[in-house]
S.K.: 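Take a look at this one; I'll ask things after.
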Amino acid sequence: MMQGTYTAALGIYSQQQRLDTIANNISNVNTLGFKNSRADFKDALYRQMQRPEDPQTLNLLKGHGTVVSGFVQSFSQGQMMDGTETNFYIEGQGFFAVQNAAGETLYTRDGSFVRDNDGYLVTSGTGYYVLDTNGQRIAFPADVQCSTNGSLFIGESETPYTQLQVVDFPNRQGLEAVSNNMYMVSDASGAPRAAATDIKIHQNTLEGSNVELADEFSRMIRASRIFQLCSRALSTADSMDQTAINSRR
């Protein structure tokens with residue numbers, strides 16, 4: 001009987017993780033550059049059992065429920081939104097490189113940059129410096145124009161004075177999510193490399209969240225119903241255990 005209790009409890013825990021992921025997606029529906037996630041599941045360990053009539057055959061498997069195997073992030077494109085001259089949008093797969101106060105390089109899809117008091121291009125809210133292809137901070141004077149490959153020009157000049165650093169990774173799913181809608185390199189993601197040549201950088205434009213509320217609410221309803229089913233199964237298993245205990249008194 002105890003196995004039924006463990007299986008039901010494991011189902012409740014797994015669905016709670018799924019609901020937490022959905023809730024995080026919904027809460028970030030208006031977060032610029034946010035990428036939604038989903039919980040993936042796998043079977044818990046199976047145990048082999050012997051057939052009573054054929055003890056030599058080990059082909060009976062007893063399941064132990066499901067567990068969350070991992071969280072998969074969707075890097076699909078978010079909607080284009082109007083912005084200002086210091087805002088940028090990546091059309092295609094890639095990330096802006098920024099430098100935090102500790103000197104670490106982080107990566108983000110959120111191009112809602114601003115000009116700080118020293119005239120440098122920084123992230124809004126956190127003030128992280130946006131980096132160019134040489135890993136240097138980007139000075140951003142007035143009347144800066146950006147080409148589709150990320151080159152920055154001052155006024156009518158035909159010679160770029162710097163270029164936005166836009167990178168990609170061998171395995172985007174391996175990136176480590178950190179605070180403020182940023183990502184950090186990990187062993188699983190691989191080292192950053194130049195983004196594909198077919199990407200385009202758009203100035204005066206922002207990337208919105210790729211969360212689809214209709215899809216998230218649909219997943220939330222399904223997860224809630226499975227959660228309720230597992231709760232009833234747990235109650236039933238507990239009742240059966242109680243009956244078995246009372247019958248031995």
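Residues take their numbers from the sequence shown, with the count starting at 1.
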S.K.: Could you see if L19 belongs to whatever hydrophobic cluster contains L213? Use Ile, Leu, Val, Met, Phe, Trp, Tyr and a side-chain cutoff under 4.5 Å.
M.R.: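 Yes, L19 connects to L213 through the hydrophobic network.
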
S.K.: Between Q203 (side chain only) and G83 (backbone N and O only), is there a donor and an acceptor less than 3.5 Å apart?
M.R.: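 The answer is no, because no donor-acceptor pair under 3.5 Å joins these two groups.
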
S.K.: State yes or no: are the ring centers of F113 and F140 separated by less than 6.0 Å?
M.R.: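 Centroid separation for F113 and F140: 6.0 Å or greater.
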
S.K.: Verify the distance criterion only: is there a donor paired with an acceptor across the side chains of Q136 and D132 at less than 3.5 Å?
M.R.: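 Result is no, nothing qualifies.
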
S.K.: Between the side chains of Q165 and Y107, is a donor N or O closer than 3.5 angstrom to an acceptor N or O?
M.R.: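 No donor-acceptor contact under 3.5 Å links the two side chains.
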
S.K.: Would you say Q99's side chain and Y129's backbone share a donor-acceptor pair under 3.5 angstrom?
M.R.: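 No; judged by distance alone, with no hydrogens or angles, the pair does not exist.
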
S.K.: Measuring from atom CG of D40 to atom OG1 of T66, what distance do you get when rounded to the nearest 0.5 angstrom?
M.R.: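 Between atom CG of D40 and atom OG1 of T66 there are 11.5 Å.
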
S.K.: Measure from the ring center of F96 to the ring center of Y128 and say whether it is less than 6.0 Å.
M.R.: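 Not close enough - the centres of the two rings lie 6.0 Å or further apart.
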
S.K.: Just wondering, are more than 12 heavy atoms of other shown residues or ligands nearer than 6.0 Å to CZ in F153?
M.R.: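 More than 12 heavy atoms, drawn from other residues, nucleotides or ligands, come within 6.0 Å of this atom.
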
S.K.: Could you check whether any side-chain N or O of R193 sits under 3.5 Å from a backbone N or O of V167, counting only pairs where one atom can act as donor and the other as acceptor?
M.R.: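 Here the side-chain-to-backbone pair does not exist.
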
S.K.: Rounded to the nearest 0.5 Å, how far apart are CZ of R137 and OG1 of T162?
M.R.: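 If we round to the nearest 0.5 Å, R137:CZ and T162:OG1 are 13.5 Å apart.
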
S.K.: Kindly compute the distance separating CG (D187) from CG (N171), expressed to the nearest 0.5 Å.
M.R.: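 One gets 11.5 Å once the value is rounded to the nearest 0.5 Å.
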
S.K.: Between CD of Q93 and OG of S76, what distance do you get to the nearest 0.5 Å?
M.R.: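 Between atom CD of Q93 and atom OG of S76 there are 8.5 Å.
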
S.K.: Charged N to carboxylate O below 4.0 Å: is that the case for D20 and R18?
M.R.: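 Judged by the 4.0 Å cut-off on N to carboxylate O distance, D20 and R18 do not form a salt bridge.
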
S.K.: Under a single-linkage definition using a 4.5 Å side-chain heavy-atom cutoff for Ile, Leu, Val, Met, Phe, Trp and Tyr, are V114 and L106 assigned to the same hydrophobic cluster?
M.R.: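 No, V114 and L106 fall in different hydrophobic clusters.
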
S.K.: Pairing donors with acceptors under 3.5 angstrom, does anything connect the side chains of D143 and Q145?
M.R.: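 Q145 and D143 do have a side-chain donor-acceptor pair below 3.5 Å.
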
S.K.: From I12 CD1 over to Q17 CD, what is the distance, rounded to the nearest 0.5 angstrom?
M.R.: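 Those atoms lie 13.0 Å apart.
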
S.K.: Could you go through K35 and E207, starting from their C-alpha distance and side-chain angles, then the distance that decides it, and tell me whether this counts as salt bridge (charged side-chain N to carboxylate O under 4.0 Å, His left out)?
M.R.: CA-CA 11 Å; K35 301 302 177 186; E207 180 179 8; 2.5 Å; yes

S.K.: Do Y161 and L164 belong together in a cluster built from hydrophobic side chains that touch within less than 4.5 Å?
M.R.: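 Same cluster: Y161 reaches L164 through Ile, Leu, Val, Met, Phe, Trp or Tyr contacts under 4.5 Å.
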
S.K.: Over all heavy atoms of both residues, which pair between P141 and I154 is shortest? Give the atoms and the distance, please.
M.R.: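 What the structure gives for the nearest pair is CG-CD1, 3.8 Å.
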
S.K.: Can you tell me how far the CZ atom of F71 sits from the CG atom of N36, to the nearest 0.5 Å?
M.R.: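 The CG atom of N36 is 13.5 Å from CZ of F71, to the nearest 0.5 Å.
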
S.K.: Spell out, as yes or no, whether a donor-acceptor pair under 3.5 Å connects the side chain of N204 to the backbone of E85.
M.R.: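 Yes: the side chain of N204 pairs with the backbone of E85.
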
S.K.: Determine, step by step, whether N100 and T126 satisfy the side-chain contact (heavy atoms from CB on, under 4.5 Å) criterion, reporting the C-alpha distance in whole Å, the side-chain angles of both residues, the deciding distance to 0.1 Å, and the verdict.
M.R.: CA-CA 8 Å; N100 64 12; T126 55; over 6 Å; no

S.K.: Determine whether more than 12 heavy atoms belonging to other residues, nucleotides or ligands lie under 6.0 Å from atom OH of Y13.
M.R.: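 No, OH of Y13 has 12 or fewer neighbouring heavy atoms, counting only those of other groups under 6.0 Å.
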
S.K.: Hydrogens and angles aside, do Q77 and Y89 bring a side-chain donor and acceptor to less than 3.5 Å of each other?
M.R.: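 There is such a pair (donor and acceptor under 3.5 Å, judged by atom type) between the side chains of Q77 and Y89.
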
S.K.: Hey, any chance F34 and F217 share a hydrophobic cluster, counting ILVMFWY side chains that come within less than 4.5 Å of each other, even indirectly?
M.R.: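 As far as the 4.5 Å side-chain criterion goes, F217 and F34 are connected within one cluster.
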
S.K.: I need the minimum non-hydrogen distance between V211 and N25, along with the two atoms involved.
M.R.: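 Smallest heavy-atom distance, with atoms named: CG2-O, 3.5 Å.
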
S.K.: If we ignore angles and hydrogens, is there a donor and acceptor under 3.5 Å between the side chains of S37 and T21?
M.R.: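 No, no side-chain donor-acceptor pair sits under 3.5 Å.
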
S.K.: Between the main-chain N or O of S186 and the side-chain N or O of S189, is there a donor-acceptor pair closer than 3.5 Å?
M.R.: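 It does hold such a pair.
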
S.K.: Report yes if the distance between the aromatic ring centroids of F169 and F95 is under 6.0 Å, otherwise no.
M.R.: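 Yes; F95 has its ring centre under 6.0 Å from that of F169.
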
S.K.: Check whether the side chains of S147 and N149 place a donor and an acceptor atom closer than 3.5 Å, and report yes or no.
M.R.: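 Yes.
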
